[in-house]
**Student:** 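Have a look at this one.
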Amino acid sequence: MEINKFEDVFEGKLAKNEMIEPKDWMPENYRKHLIRQISQHAHSEIIGMLPEGNWITRAPSLRAKVVLLAKVQDEGGHGLYLYTAAETLGVTRDELLNNLHTGKAKYSSIFNYPTLTWADIGAVGWLVDGAAIMNQVMLQRSSYGPYSRAMVRICKEESFHQRQGYEIMTHLAFGTNDQKEMAQDALNRWWYPTMMMFGPPDSESPNSENAVKWRIKRETNDQLRQRFVDQTVRQVEYLGLTVPDAHLKWNEAKNGYDFTEPNWVEFKNIISGNGPCNKERLAARNKAHDEGKWVREAAQVFAKKRSEVYEAA
Ligand code: FAQ
């Protein structure tokens with residue numbers, strides 16, 4: 001088949017909302033776009049384990065500890081599904097991890113902020129996982145089969161994570177004055193960084209055009225950010241807390257809130273590696289990888305032995 005025939009099949013599948021699968025022909029730029037997005041997403045999941053892992057030993061009750069442990073473990077699992085999905089595009093996990101560990105690859109800006117108090121664990125679950133779901137629900141219908149299928153399972157787990165965070169916030173917001181202050185302080189610090197998770201404004205988002213054209217993203221950064229604000233303001237009100245935005249105002253005409261944009265200079269600084277915790281996160285990630293070397297080696301030896309037993313049988 002000539003290349004334009006392959007292209008017709010590819011375009012035809014997109015037009016009919018059919019999935020593109022690993023063995024299908026795909027344009028080189030589509031493949032590269034997916035490797036970029038899926039691997040950044042995978043990196044975000046495993047780096048995202050660090051700010052919360054930081055609180056496992058200090059969770060205020062046995063129940064809170066068990067729930068947080070399960071959540072952090074889930075994030076590790078999400079990383080595995082996503083690296084596996086990326087590998088179907090012809091890249092190795094070693095290459096991807098090497099890019100992360102040497103600082104070449106991006107991961108979500110949000111994980112470069114510190115978790116200073118227990119209320120931050122509530123805010124991360126509620127806001128960060130809430131924003132993640134807002135973005136990932138559309139990715140369940142992404143055009144690339146392995147990514148889309150990974151997202152279905154991830155979204156189910158993220159919903160539990162969001163509820164875990166909101167439960168912590170509810171306890172604090174309806175608790176003592178000090179607890180309510182802690183909850184407000186966490187909301188103040190996480191509100192704008194969470195809004196940055198959706199990416200730069202559409203007018204400054206170089207990847208959006210192709211992503212929407214190829215049905216990798218079904219909605220734009222600004223559309224998702226708006227939906228997040230509209231949904232979350234009601235939750236803030238229920239908690240009796242205040243959104244840290246003096247300009248937040250309901251706009252009847254657009255049926256949504258007008259709000260202050262996050263500081264995009266701060267965002268650029270963070271994604272260039274200069275946020276408050278970038279260096280700490282990469283150092284922790286590299287240390288974990290180095291210390292896990294013997295586990296990976298043992299798993300490989302075991303797998304080899306097992307396949308020899310099967311072959312001999
Ligand atoms: N942080 O042209 P666009 C989670 C980069 S959820 C860092 O708009 P695109 C769950 C972007 O890569 C978090 N970099 O890009 C969890 C591009 O740079 P490049 C992860 C960002 O791809 C919760 C440049 O800026 N979720 O981990 C960010 O169309 C709690 C221009 O941007 C996903 O990855 C950012 N926030 O849209 C885990 C979802 N925003 O590559 C633990 C999948 C933009 O050209 C605990 N990804 N950049 O050098 C996506 O939906 C998209 O990739 C966006 C960015 C929306 C993130």
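Order of appearance sets the numbers: ligands from 1, and atoms from 1 within every ligand. In what follows, every heavy atom counts, from backbone to side chain, and hydrogens, waters and symmetry copies are set aside. In this text the structure is predicted, and so the values were computed from the model without any measurement.
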**Student:** Heavy-atom pairs closer than 4.0 Å: do any link ligand 1 to the side chain of Asn135, the backbone, both, or neither?
**Tutor:**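 The side chain, only.
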
**Student:** Is any side-chain N of the basic residue among Glu21 and Arg149 closer than 4.0 Å to the acidic one's carboxylate O?
**Tutor:**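 Salt bridge flag = yes for Arg149 with Glu21.
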
**Student:** For residues His171 and Gln179, report the shortest heavy-atom separation together with the two atoms involved.
**Tutor:**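 Taking His171 first and Gln179 second, the nearest heavy atoms are O-OE1, 4.4 Å.
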
**Student:** With a 4.0 Å cut-off, would you call Lys213 and Glu209 a salt bridge?
**Tutor:**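 Answer for the salt bridge query: no.
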
**Student:** With respect to atom 42 (C) of ligand 1, which of His41, Met196, His43, Glu75 exhibits the smallest heavy-atom separation?
**Tutor:**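 Nearest heavy atom to atom 42 (C) of ligand 1 lies in Glu75.
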
**Student:** Please could you name the atoms of ligand 1 that Leu139 approaches to less than 4.0 Å, counting only its heavy atoms?
**Tutor:**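 Listed by number with element, the hits are 43 (C).
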
**Student:** Can you tell whether the side chains of Arg31 and Glu28 come within less than 4.0 Å, N to carboxylate O?
**Tutor:**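 Yes, charged N to carboxylate O under 4.0 Å.
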
**Student:** Can you tell me which portion of Asn221 lies within the under-4.0 Å heavy-atom range of ligand 1? Options are side chain, backbone, both, or neither.
**Tutor:**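 The side chain, only.
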
**Student:** Can you confirm whether Arg36 sits close enough to Asn207 that some side-chain heavy atom of one is under 4.5 Å from a side-chain heavy atom of the other?
**Tutor:**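 When only atoms from C-beta onward are counted, Asn207 and Arg36 do touch, with a gap below 4.5 Å.
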
**Student:** Does Glu52 reach ligand 1, in the sense of a heavy atom lying below 4.0 Å from it?
**Tutor:**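 Yes, that is the case, since the closest heavy atom of the residue is under 4.0 Å from the ligand.
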
**Student:** Just to confirm my output: which protein heavy-atom neighbour is closest to atom 10 (C) of ligand 1, and how far is it?
**Tutor:**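 Ranked first by proximity to atom 10 (C) of ligand 1 is Glu158 OE2, 3.4 Å.
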
**Student:** Where is the nearest protein heavy atom to atom 24 (C) of ligand 1: which residue, which atom, and how far?
**Tutor:**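 Closest protein heavy atom to atom 24 (C) of ligand 1: Asn207 ND2, 4.3 Å.
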
**Student:** Using a heavy-atom cut-off of under 4.0 Å, does the side chain or the backbone of Phe111 touch ligand 1, or both, or neither?
**Tutor:**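 Looking at Phe111 and ligand 1, just side chain atoms fall under 4.0 Å.
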
**Student:** Looking only at protein heavy atoms, identify the closest one to atom 28 (C) of ligand 1 and say how far it is in Å.
**Tutor:**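 Of every protein heavy atom, Phe267 CZ, 3.5 Å lies nearest to atom 28 (C) of ligand 1.
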
**Student:** Is any NZ, NE, NH1 or NH2 atom of the basic residue among Arg163 and Glu167 found under 4.0 Å from an Asp or Glu carboxylate oxygen of the other?
**Tutor:**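 Not counted as a salt bridge, because no side-chain N and carboxylate O are separated by less than 4.0 Å.
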
**Student:** Are Val152 and Tyr81 packed together at the side-chain level, in the sense that at least one heavy-atom pair is separated by less than 4.5 angstrom?
**Tutor:**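 They are not in contact (no side-chain heavy atoms under 4.5 Å apart), so the answer is no.
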
**Student:** Distance only, no hydrogens: is a donor on one side chain within 3.5 Å (strictly under) of an acceptor on the other, for Ser272 and Asn269?
**Tutor:**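 No - no donor-acceptor pair under 3.5 Å links their side chains.
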
**Student:** Name the closest protein heavy atom to atom 40 (N) of ligand 1, giving the residue it belongs to and the distance to 0.1 Å.
**Tutor:**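 Closest protein heavy atom to atom 40 (N) of ligand 1: Gly199 CA, 3.2 Å.
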
**Student:** Does atom CG (Asn177) have a neighbourhood of more than 12 heavy atoms from anything else shown, all under 6.0 Å?
**Tutor:**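 No, not enclosed.
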
**Student:** Numbering the atoms of ligand 1 from 1, which are under 4.0 Å from a heavy atom of Gly48?
**Tutor:**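 Those qualifying, in numeric order: 42 (C), 46 (C).
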
**Student:** How far is atom 37 (O) of ligand 1 from its nearest protein heavy atom, and which residue and atom is that?
**Tutor:**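 Protein heavy atom with the smallest distance to atom 37 (O) of ligand 1: Lys217 NZ, 3.1 Å.
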
**Student:** Evaluate Tyr147 for polar contact with ligand 1, using N/O atom pairs at a separation under 3.5 Å.
**Tutor:**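 No.
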
**Student:** Under 4.0 angstrom from ligand 1, any heavy atom of Gln136?
**Tutor:**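 Per 4.0 Å heavy-atom rule, Gln136 contacts ligand 1.
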
**Student:** For residues His101 and His289, determine if any side-chain heavy atom of one lies less than 4.5 Å from a side-chain heavy atom of the other.
**Tutor:**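 Yes; the side chains approach each other to less than 4.5 Å.
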
**Student:** Tell me the nearest of Gln40, Met49, Lys268 to atom 12 (O) of ligand 1, using heavy-atom distances.
**Tutor:**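 When every heavy atom of Gln40, Met49, Lys268 is considered, Gln40 comes closest to atom 12 (O) of ligand 1.
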
**Student:** Tell me the protein heavy atom at minimum distance from atom 23 (C) of ligand 1, and give that distance in Å.
**Tutor:**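 Minimum-distance protein heavy atom for atom 23 (C) of ligand 1 reads Asp129 OD1, 3.4 Å.
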
**Student:** How far is atom 8 (O) of ligand 1 from its nearest protein heavy atom, and which residue and atom is that?
**Tutor:**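 Checking every protein heavy atom, the shortest distance to atom 8 (O) of ligand 1 gives Ser205 OG, 2.7 Å.
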
**Student:** Nearest to atom 13 (C) of ligand 1, what protein heavy atom do you find, and at what distance?
**Tutor:**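 Nearest neighbour among protein heavy atoms for atom 13 (C) of ligand 1, to 0.1 Å: Ser108 CB, 3.8 Å.
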
**Student:** Could you tell me, atom by atom, which parts of ligand 1 come under 4.0 Å of a heavy atom of Gln37?
**Tutor:**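 Reading through ligand 1 atom by atom, the close ones are 43 (C), 47 (N), 50 (C), 51 (O), 53 (O).
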
**Student:** Can a donor-acceptor pair be found, under 3.5 Å and without considering hydrogens, that links the side chain of Arg141 to the backbone of Val137?
**Tutor:**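 Answer holds: no.
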
**Student:** Which ligand 1 atoms does Ala132 reach within 4.0 Å, using its non-hydrogen atoms?
**Tutor:**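 So the answer, numbered in order with elements, is 6 (S), 10 (C).
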
**Student:** For Lys254, is there an ion pair with Asp258 - N to carboxylate O distance below 4.0 angstrom?
**Tutor:**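 The answer is yes: the pair qualifies as a salt bridge.
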
**Student:** Which atoms of ligand 1 are found less than 4.0 Å from any heavy atom of Ile271?
**Tutor:**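 Answer, ordered by atom number: 1 (N), 7 (C), 14 (N), 25 (O).
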
**Student:** Measuring from non-hydrogen atoms of Asp202 to any atom of ligand 1, is the shortest distance under 4.0 Å?
**Tutor:**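 Per 4.0 Å heavy-atom rule, Asp202 does not contact ligand 1.
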
**Student:** Between Gln164 and Leu68, is any pair of side-chain heavy atoms under 4.5 Å apart?
**Tutor:**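 SC-SC contact between Gln164 and Leu68 confirmed.
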
**Student:** Does Lys71 pair with Asp74 as a salt bridge, N-O distance under 4.0 Å?
**Tutor:**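 Looking at Asp74 together with Lys71, the answer is no, because their closest N to O distance does not fall below 4.0 Å.
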
**Student:** Within the protein, is there a heavy atom lying under 4.0 Å from atom 50 (C) of ligand 1?
**Tutor:**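 Yes, there is a protein heavy atom closer to it than 4.0 Å.
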
**Student:** Looking at ligand 1, does Ala211 have a heavy atom less than 4.0 Å from it?
**Tutor:**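 No, that is not the case, since the closest heavy atom of the residue is not under 4.0 Å from the ligand.
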
**Student:** Distance under 4.0 Å to a non-hydrogen atom of Ser109: what atoms of ligand 1 satisfy this?
**Tutor:**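 By the 4.0 Å cutoff, the relevant atoms are 1 (N), 7 (C), 35 (C), 36 (N).
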
**Student:** Verify the cluster assignment for Val233 and Met196: are they in a single hydrophobic cluster under the rule of side-chain heavy atoms below 4.5 Å apart?
**Tutor:**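 Yes, Val233 connects to Met196 through the hydrophobic network.
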
